[in-house]
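This chain uses plain numbering: 1 for the first residue, then up along the sequence. Just so it is clear, the structure is predicted and the values come from calculations on it, not from any experiment.
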Amino acid sequence: MTPKILILGAGYGGLTTALRLQKELHYNEADITLVNKHDYHYITTHLHQPAAGTVDPRRIKIDLDELIDKDRINFIKAEVVAIDIQNERKVTLDNGQGLTYDILVIALGSEVETFGIEGLKEHAFTIRSINSVQLIREHIEYMFAKYKNEPGHPEYLTFIVGGAGFTGIEFVGELADRIPELCEQFEVNPKKVRIINIEAAPSALPGFDPQLVDYAIEVLKNKGVEFKINTPIKACTEEGVTLADGEEIKAGTVVWTGGVRGNKLIEMLGIETMRARIKVDEFLRAPGYQDVFIIGDNSIVFNEEGRPYPPTAQIAVQQGEHLAKQITSYVRNGKMDLKPFKFNLRGTVASLGKGEAIGKVGNRKMTGYTALIMKQLIDNRYLYSIGGLPLVIKKGKLLG
Ligand code: FAD
Ligand code: NAD
């Protein structure tokens, strides 16, 4: 009987798995279904750009139609609302459809972690999806327009970014680049604008190379970004934020980049989770399940020192590639002959806006254009892996 392979999520992990299977398997060798809540894939690693308004959101969207061969993959645009791996082995969609499987791949990505901080869910913006970043871009423009009408409110031009991890740092770099254009458009004195990046830990980019962190802070400060380090945000209101030291900062815009957790559906699987992520076994399986694989931001994989790797696109893609090989072998041989997954950390590169970036590849540290070119190469490599040269030509010039 043709095995049924069900893949949930068409982000970095799920899409890579699906496209590799599409390439490896012949017609009718397997019955592959891919479910995603949108009919497009988006380049999450560039979401900070449309959020700031420096790149059109359409630039980072790729229609799944362009990538998927409908004769080999059955794509369903729907939201997964329940996953039952314990009893019925069934996935339920928001359209009421129920899907069964022989092999299930869960790759539903992450959600924003607010750590229960009062008011964040209600009053802060987040950088998570095409829709959420369009809201940020429009709100920023609205605050400039509002300030023009009510110049007695300097807080309208104060932009707070909570969390100086990679998302926060990349976003403030991009936002600082957008400000001069907005000031010109709305005839506002640039000196009136404040971008404040607030970080709870004793350093921005905690755990990253200190020399590169210093470089990043220097670049961003020169672009006009203010930093408050070692200062957790305690609450968020319609008016701004309150810090743990009691200081209140009024702001018309708060963007929360303070961390991520897995998907809430993961917490309903009936398996032990850590912030909605599952410690998978060495073959990327949910513990205790032969045929349920969990990858990307939904999974936790440990390094040799027993520390979890951070959730990144890089690991999600490698897991997808690995899993597709395992599934192909299962389809061909009729039995699971699994090989352990080993993550190959190729490096970390982060943009700091126009013309600036930092990166560490092996022991080599990079800054400025060298790091930016490295980021472009990484992006193009990914685009090539999912859509070949045509996609690189169409979408491959994202960086400024
Ligand atoms: P995702 O890529 O998030 O995909 C999940 C998919 O599931 C999405 O298509 C989503 O729409 C879909 N989905 C979710 N819920 C449902 C549901 N209920 N039903 C149906 N579909 C659903 N990592 C790097 O390695 N390098 C970087 O430079 C980098 N830059 C980043 C920059 C930003 C601004 C952000 C926010 C993240 C960045 N990351 C980076 C992290 C990286 O984007 C994630 O680790 C990666 O996207 C995880 O891949 P994934 O497949 O697990 O999930
Ligand atoms: P993160 O967890 O890496 O960073 C969140 C930051 O917010 C941390 O520095 C944390 O100390 C801070 N924070 C938490 N609570 C706070 C509070 N109350 N007040 C102020 N600060 C607070 O989250 P992220 O930056 O969204 O990244 C998520 C994942 O995506 C990570 O694995 C990251 O490596 C990856 N990512 C990678 C890149 C890249 O490689 N260029 C870019 C973006 C994201």
Side-chain angles (χ1 to χ4, degrees), residues 9 11-14 16-17 20 44-45 105-110 113 163-167 169 200-214 216 259-263 266-267 269 271-330 336-350 357-366 371 374-375 377-378 381-382 385:
Y12 285 80
T16 299
T17 310
R20 288 291 163 121
T44 317
T45 58
V105 179
I106 306 179
L108 292 168
S110 51
E113 174 65 277
F166 281 109
T167 305
I169 289 289
S203 152
L205 300 176
F208 196 54
D209 183 276
Q211 206 184 342
L212 293 172
V213 175
D214 287 349
V260 294
R261 65 197 330 274
N263 193 292
I266 297 294
E267 292 177 299
L269 291 177
I271 306 175
E272 191 191 338
T273 57
M274 279 169 68
R275 283 166 65 179
R277 299 170 68 199
I278 284 179
K279 279 190 248 173
V280 289
D281 71 11
E282 59 181 331
F283 307 117
L284 304 174
R285 290 180 305 195
Y289 290 83
Q290 298 295 312
D291 38 25
V292 178
F293 294 86
I294 303 187
I295 59 173
D297 285 7
N298 295 158
S299 67
I300 305 182
V301 173
F302 291 86
N303 65 17
E304 270 146 25
E305 286 107 54
R307 307 237 320 257
Y309 286 112
T312 60
Q314 192 181 164
I315 193 166
V317 167
Q318 288 184 31
Q319 289 175 323
E321 289 168 351
H322 181 81
L323 190 51
K325 273 192 208 143
Q326 309 294 293
I327 295 175
T328 304
S329 144
Y330 164 74
M336 287 285 183
D337 175 22
L338 299 176
K339 307 260 180 317
F341 169 74
K342 262 207 160 326
F343 177 48
N344 173 16
L345 175 62
R346 299 205 173 103
T348 302
V349 188
I358 47 169
K360 195 162 181 212
V361 177
N363 284 328
R364 198 170 157 218
K365 298 177 194 180
M366 300 169 190
M374 180 55 75
K375 188 149 177 55
L377 284 174
I378 294 167
R381 188 171 184 273
Y382 175 66
S385 78

Asker: Under 3.5 Å, side-chain donor or acceptor atoms of residues 301-311 against the rest of the protein: list the pairs with distances, not counting sequence neighbours.
Answerer:
residue, atom, partner, partner atom, Å
N303, OD1, E305, N, 2.9
N303, OD1, G306, N, 3.1
N303, OD1, R307, N, 2.8

Asker: Taking all non-hydrogen atoms of both residues, which atom of A286 and which atom of I271 are closest, and how far apart?
Answerer: CB-CD1, 3.7 Å
Asker: Can you tell me if E321 uses its side chain to pair, donor with acceptor, with the backbone of T16 under 3.5 Å?
Answerer: no
Asker: Do side-chain atoms of N263 reach the backbone of S110 as a donor and acceptor pair under 3.5 angstrom?
Answerer: no
Asker: Mark yes or no for whether E267, through its side chain, and T273, through its backbone, hold a donor-acceptor pair below 3.5 Å.
Answerer: no
Asker: Taking C-beta and beyond as the side chain, do F341 and I315 meet within less than 4.5 Å on heavy atoms?
Answerer: yes
Asker: Judged by atom type as modelled, is there a donor-acceptor pair below 3.5 Å linking the side chain of H322 to the main-chain atoms of F343?
Answerer: no
Asker: Mind listing the closest non-hydrogen atom pair of F166 and A350 along with its distance?
Answerer: CD2-CB, 3.5 Å
Asker: What are the two closest non-hydrogen atoms of G165 and L205, and how far apart are they?
Answerer: C-CD2, 3.4 Å
Asker: Between R277 and N298 (side chain of the first, backbone of the second, donor and acceptor by atom type, cut-off under 3.5 Å), is there such a pair?
Answerer: no
Asker: For residues V361 and V349, report the shortest heavy-atom separation together with the two atoms involved.
Answerer: CG2-CG2, 4.5 Å
Asker: Considering only residues two or more places apart or on different chains, which pairs with a residue in residues 279-289 satisfy salt bridge (charged side-chain N to carboxylate O under 4.0 Å, His left out)?
Answerer: D281-R285
Asker: Verify the neighbour count for atom NZ of K325: are there more than 12 heavy atoms of other residues, nucleotides or ligands below 6.0 Å?
Answerer: no
Asker: I need the full list of salt bridge (charged side-chain N to carboxylate O under 4.0 Å, His left out) pairs touching residues 289-299, with sequence neighbours left out, sorted by first then second residue.
Answerer: R89-D291
Asker: Looking at Q319 and G13, would you say the former's side chain and the latter's main chain have a donor-acceptor pair under 3.5 Å?
Answerer: no
